[in-house]
2 protein chains.
Amino acid sequence: MSCGEKLAEEIRGKGFRVTPQRGVILETIAHMGGHLSVPEVFSAARDRLPGLNITTIYRTLETLHRAGMVDLFYSGSGPTRFALRDPDQAHGHLVCSECEQVMDIDESLIAHLAEEVVRETGFSIDPHHLTLVGVCDDCLSEGKRRIS
Amino acid sequence: MSCGEKLAEEIRGKGFRVTPQRGVILETIAHMGGHLSVPEVFSAARDRLPGLNITTIYRTLETLHRAGMVDLFYSGSGPTRFALRDPDQAHGHLVCSECEQVMDIDESLIAHLAEEVVRETGFSIDPHHLTLVGVCDDCLSEGKRRIS
DNA sequence: CTAGTAGTTGCAATAGTTTGCATTAAGCAT
DNA sequence: ATGCTTAATGCAAACTATTGCAACTACTAG
């Protein structure tokens, strides 16, 4: 069973329908991997299924997000990006506001903060969805811009 | 001297020009307060200065952000929001993905995390700009949706 | 006070994203 | 296998945000 098929089973198991469009989209994002934008996935998936509409990508993405299968993150500039969630390797994202680079951050660091926040405020941060914006090591040392 | 004029001095001091448009925008956001969206500010500021273009709001905002005078935050849905930074009361933001409510979070909690992150990864989070998305106490207890 | 420079503005075009609605078809029950 | 129910799709339009460019003007130097 291909990665896409595995995802199809997973989403069906959560009560969503598996359509040809979704099959192609799932196969595509499983194959591409990494931190994708909607337009990227769209152009790749449309090659496999002409006539596919970009709206369907957005809505499928929203569905996968609701199903807890992808994480979304907004880099502060450029299009929103998303990634398949790997249950064995939960992590947050660090997005560099200078170079757009996306780094992974270990879940434990996040979980620790999340715990503190919920204790202090009652507000539940989802460690899976966490994205922190800042400046990466490289850009910082290049001194392109100091943190304001 | 009005709040808007104080802001005008501040931005002039950082090497930016003070134009009539910026004067009106600064006066407007100082008067409105809170967590504003661009369209909100636009409609209020245009009343004071007809002909004002919404692009100017976006660009002024970007300028104020670069000057370190406003913080931006993305709620994950809806338009981007921003707030004047109060130097005496630095804080991050907690945005509820259910009800769009924005809560403040004490800087010390954030600063602690930022320290850990920079030590582990070299990545510098700016405590002033930090926004965390999650589910607030109210929405959680209403059980509208569990964290996915 | 005047002229020059460079930052700023408005407009138009474009990119990215969301929403409403009619149509289609996946999955369930028979 | 057949029909039913309702989720999902495609299309178009609206909306949010960004960018290029020509015209304008705030500020500085003289």
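So that the names make sense, note that chain A is the first sequence line, chain B the second, and so on, each numbered from 1.
- Whole-Å rounding puts the H65(A) NE2 to dT18(C) C1' distance at 15 Å.
- Taking only side-chain nitrogens and oxygens, T56(B) comes nearer than 4.0 Å to OP1 or OP2 of dG10(C).
- A donor N or O paired with an acceptor N or O is found under 3.5 Å between the base of dG10(C) and the side-chain atoms of R59(B).
- Between R46(A) atom CZ and dT9(D) atom C1' the separation is 16 Å, expressed in whole Å.
- The phosphate of dT17(C) (OP1 or OP2) has a side-chain N or O of T80(A) nearer than 4.0 angstrom.
- Minimum atom distance to the side chain of T60(A) is reached by dT9(D), of the listed dT9(C), dT9(D), dA26(C).
- N53(B) has its CG atom 14 Å from the P atom of dA13(C), to the nearest Å.
- DNA chain D is contacted by both T63(A) and T19(B); T63(A) maps to the nucleotide lying nearer its 5′ end (nearest heavy atom per residue).
- The side-chain heavy atoms of T121(A) and M103(B), taken from C-beta on, include a pair separated by under 4.5 Å.
- Distance, R66(A) CZ to dA7(D) C1': 10 Å, rounded to whole Å.
- With dT5(C), dT9(D), dG10(D) as the candidates, the nucleotide lying closest to the side chain of R22(A) is dT9(D).
- Between D47(A) and T28(A), the closest side-chain pair of non-hydrogen atoms is not below 4.5 Å.
- In this structure, the CD1 atom of I54(B) is 8 Å from the P atom of dA17(D), given to the nearest Å.
- One finds a side-chain N or O of Y58(A) lying less than 4.0 angstrom from the OP1 or OP2 phosphate oxygen of dT17(C).
- Of the candidates R85(B), R81(B), H65(B), R85(B) is the only one forming a side chain to side chain donor-acceptor pair (under 3.5 Å) with D71(B).
- Per the geometry, CD belonging to Q21(B) stands 14 Å off P belonging to dC24(D), to the nearest Å.
- E40(B) has its CD atom 16 Å from the P atom of dC15(D), to the nearest Å.
- In terms of polar N and O atoms assigned as donor or acceptor, the side chain of R17(A) never comes within less than 3.5 Å of the base of dA8(D) in a complementary pairing.
- As rounded to whole Å, 15 Å separates atom P of dT16(D) from atom CG of L61(B).
- Side-chain atoms of E40(B) come within 3.5 Å of backbone N or O of S37(B) as a donor-acceptor pair.
- Looking at R59(B) and E62(B), no side-chain N of the basic residue comes within less than 4.0 Å of a carboxylate O on the acidic one, giving no salt bridge.
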